[in-house]
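Ligands are counted one by one from 1 in listed order, and the atoms in each one are counted from 1 as well.
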Amino acid sequence: MALRKLMHPRNKYKKGPNFKQLALLYPEFRKVAVTDLTGKVHIDFKNEETLRILTRVLLKHDFDLTVKIPPNKLVPTLPLRLNYVLWIEDLMTHASFTKMEDVKGIDIGTGAVCIYPLLLAKMYGCCMFGTEVDDTSIESAIENVKNNNLGNLIQVIKVDKDKILKGTIEENETFHFIMCNPPFFETEDTSDKVIKQQPPRNAPTGSNKELSIEGGERLFVTKMIEESMQISEKIKIYSSMLGKKNNLLYFVKLLKKYNINNFTWTEFCQGHTKRWGLAWSFLSIDVCDLTKAPVIKESSIIDKSLKDHPPLEIIFPMQDKYILIDNVITELKKIISNLQINIKELELQKNTLSEWGCQLTAQNDTWSHARRKRRLAERQSKDCKEENIGSTIVTEQINVDSEVNTIQHLNVKNEDTQFVSTKDTETSDHKDPLLVFNLFLSILEDEQDPEKNHVKICLFFESGSGGRNVLETLRQYLINKLNVRIYFQQFCSKTNKKRRKKFKKAKKDPPSKLDIRGEEKKLNISSAEDSADSS
Ligand SMILES: C[S@@+](CC[C@H](N)C(=O)[O-])C[C@H]1O[C@@H](n2cnc3c(N)ncnc32)[C@H](O)[C@@H]1O
């Protein structure tokens with residue numbers, strides 16, 4: 001799922017770079033850009049050299065920074081780096097220690113590009129220290145600082161690999177913040193993991209040495225927290241990026257265990273990847289209350305519903321009559337109003353993925369057995385008409401289009417109105433409505449090919465006497481009315497095929513007890529990391 005919309009509001013890559021413009025302006029980018037028949041410019045994200053050129057060109061174009069990214073070194077993806085930098089700016093503004101140009105910060109593990117110090121110095125004029133353990137990275141980082149004439153603002157320091165903060169800060173020095181993109185992976189299983197955990201659409205970049213460390217990010221950040229307790233207020237705000245959601249939960253617990261309660265966290269969303277940012281402080285909350293600091297992505301109504309119960313989904317391609325999202329909204333509104341379901345449009349927060357959302361309240365089940373009800377009503381209507389020719393005329397007004405069994409018997413001759421109670425209509429005797437649910441509409445973007453974009457409708461059960469099953473029947477009805485059953489069936493057969501394959505395999509090689517425990521563990525981890533990207 002494209003997470004671009006959830007990027008920091010000031011992130012200039014929220015809209016995506018203009019490849020056409022870059023190809024026109026930069027010959028080195030032109031070499032790796034491909035123009036398709038429609039004139040659209042694409043690049044191959046799976047090619048490491050292309051990613052290197054893209055980052056270099058964007059740094060030049062958008063920040064006037066000239067950098068060298070040595071081969072085999074991590075190519076920093078700018079949308080993510082910018083999300084973190086903008087969050088640091090938010091924290092600094094929230095704490096209002098001083099103006100941004102007077103802010104002093106440290107970047108732990110600055111890497112060969114020295115990306116964070118370069119951005120912070122260039123964008124705000126911050127004074128930055130970048131620490132690093134790897135000699136070749138230090139050499140390259142120093143060169144990048146020099147080539148951009150930022151030596152007056154940035155210092156690259158070699159540190160001991162066993163220490164993170166200790167020894168970095170002089171006795172009488174203080175800093176406003178610390179940031180860090182720690183090595184994520186454990187040393188033993190890097191080769192495999194580094195490859196597997198890269199974003200599936202992007203080429204893997206960076207060496208094992210840069211990306212892995214004994215104990216992985218969990219041990220690295222634990223050390224950072226423990227060392228921070230020793231120097232406490234010398235640094236006003238400590239922060240680190242995290243690559244796994246379950247590590248975020250782990251560190252929140254650890255901070256609480258150490259009685260560090262002044263902390264905050266955010267999500268960094270970009271492209272197809274998610275990361276997390278954690279910040280903590282030893283300052284009293286009167287001086288700086290991080291718990292009230294701005295975050296890029298707040299827990300929205302969707303998050304809450306997702307946590308409570310997974311939604312029921314309808315997914316179909318954005319094509320033909322659904323090529324525009326507005327057409328989907330119009331069609332949905334038409335169906336809903338014909339079902340006599342009360343609709344209240346929701347004002348969505350800016351940082352949600354949804355294009356449109358509404359809360360719906362159904363008093364009665366007006367959709368089940370709709371065809372049967374319509375035929376019955378038609379038959380009744382015909383019979384009545386035949387029986388009543390020349391005498392009392394009973395007309396049945398049938399809302400055929402809506403397939404709603406609302407039969408109003410109007411006695412035209414007599415003033416007496418006959419109401420025929422319709423057996424099939426489940427008129428609710430309850431005070432409570434039958435069903436209250438939220439509907440959210442979003443686009444699943446295909447970054448490479450917009451023609452492969454899909455519409456996703458999520459239905460979240462809220463309340464109602466009919467329970468969750470009634471929402472499932474309504475979903476089926478919507479699938480039929482939207483005429484997208486074919487995609488739904490395709491989707492189901494794919495998942496069933498996978499399930500059957502898994503089942504066959506399980507039957508063939510029954511797992512040992514050990515395997516089962518391993519699988520359980522794996523499942524727990526993946527559910528905790530549910531939205532963690534695989535990179
Ligand atoms: C994931 S890379 C991040 C590089 C860069 N900051 C970025 O975001 O692109 C982690 C870096 O931390 C460095 N590193 C590992 N242990 C360190 C330590 N104890 N102190 C400082 N840097 C360390 C590695 O050499 C590597 O360059």
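- When only interatomic distances are considered, the shortest N/O to N/O separation between Pro183 and ligand 1 does not fall below 3.5 Å.
- Contacts between Arg81 and ligand 1, counted as non-hydrogen atom pairs separated by less than 4.0 Å, involve the side chain only.
- Contacts between Pro182 and ligand 1, counted as non-hydrogen atom pairs separated by less than 4.0 Å, involve the backbone only.
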Atom pairs and distances, side-chain donor-acceptor, residues 285-296, under 3.5 Å, sequence neighbours left out:
residue : atom : partner : partner atom : Å
Asp289  : OD1  : Thr291  : N            : 3.1
Asp289  : OD1  : Thr291  : OG1          : 2.4
Asp289  : OD2  : Thr291  : OG1          : 3.4
Asp289  : OD2  : Lys292  : NZ           : 3.4

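- In terms of N/O distances under 3.5 Å, ligand 1 is approached by Glu132.
- More than 12 heavy atoms of other shown residues, nucleotides or ligands fall within 6.0 angstrom of atom NZ in Lys158.
- The N/O atoms of Tyr116, backbone and side chain alike, include none that comes under 3.5 Å of an N/O atom in ligand 1.
- Side-chain atoms of Glu101 never come within 3.5 Å of backbone atoms of Gly125 as a donor-acceptor pair (strictly under, hydrogens ignored).
- Ion pairing between a basic and an acidic side chain is recognised when a charged N comes within 4.0 Å of a carboxylate O; Lys163 and Glu227 show no such pairing.
- Considering only non-hydrogen atoms, atom 18 (C) of ligand 1 lies nearest to Val133 out of Asp107, Thr77, Val133.
- When all heavy atoms of Ile138 and Val133 are compared, the pair lying nearest together is CD1-C, 4.4 Å.
- Atom 11 (C) of ligand 1 has its closest protein heavy atom at Gly109 O, 3.6 Å.
- Here is the list of ligand 1 atoms found below 4.0 Å of a heavy atom in Leu74: 9 (O).
- Closest to atom 21 (C) of ligand 1 by heavy atom, among Ile164, Thr131, Ile138, is Thr131.
- At a heavy-atom cutoff of 4.0 Å, ligand 1 is contacted by both the backbone and the side chain of Asn181.
- Numbered from 1 in the order shown, with element, the atoms of ligand 1 that lie under 4.0 Å from a heavy atom of Thr110 read 5 (C), 6 (N).
- A salt bridge is defined here as a Lys NZ or Arg NE, NH1 or NH2 lying under 4.0 Å from an Asp or Glu carboxylate O, and Lys68 with Glu143 meets this definition.
- Residue Val159 approaches ligand 1 through these ligand atoms, each under 4.0 Å from one of its heavy atoms: 20 (N), 21 (C).
- Given atom 26 (C) of ligand 1, the protein heavy atom at minimum distance is Glu210 O, 3.5 Å.
- Residues meeting the ring-ring contact (aromatic ring centres under 6.0 Å, His included) test with Phe263, sequence neighbours left out: none.
- Aromatic ring pairs are classed by plane angle as parallel below 30°, tilted from 30° to 60° and perpendicular above 60°; the pair Phe129 and Phe175 is perpendicular.
- Using the six-membered ring where Trp is involved, Phe45 and Phe19 have ring planes that are tilted, between 30° and 60° apart.
- For the residues Lys73, Met224, Lys163, Met241, the heavy atom positioned nearest atom 19 (N) of ligand 1 is part of Lys163.
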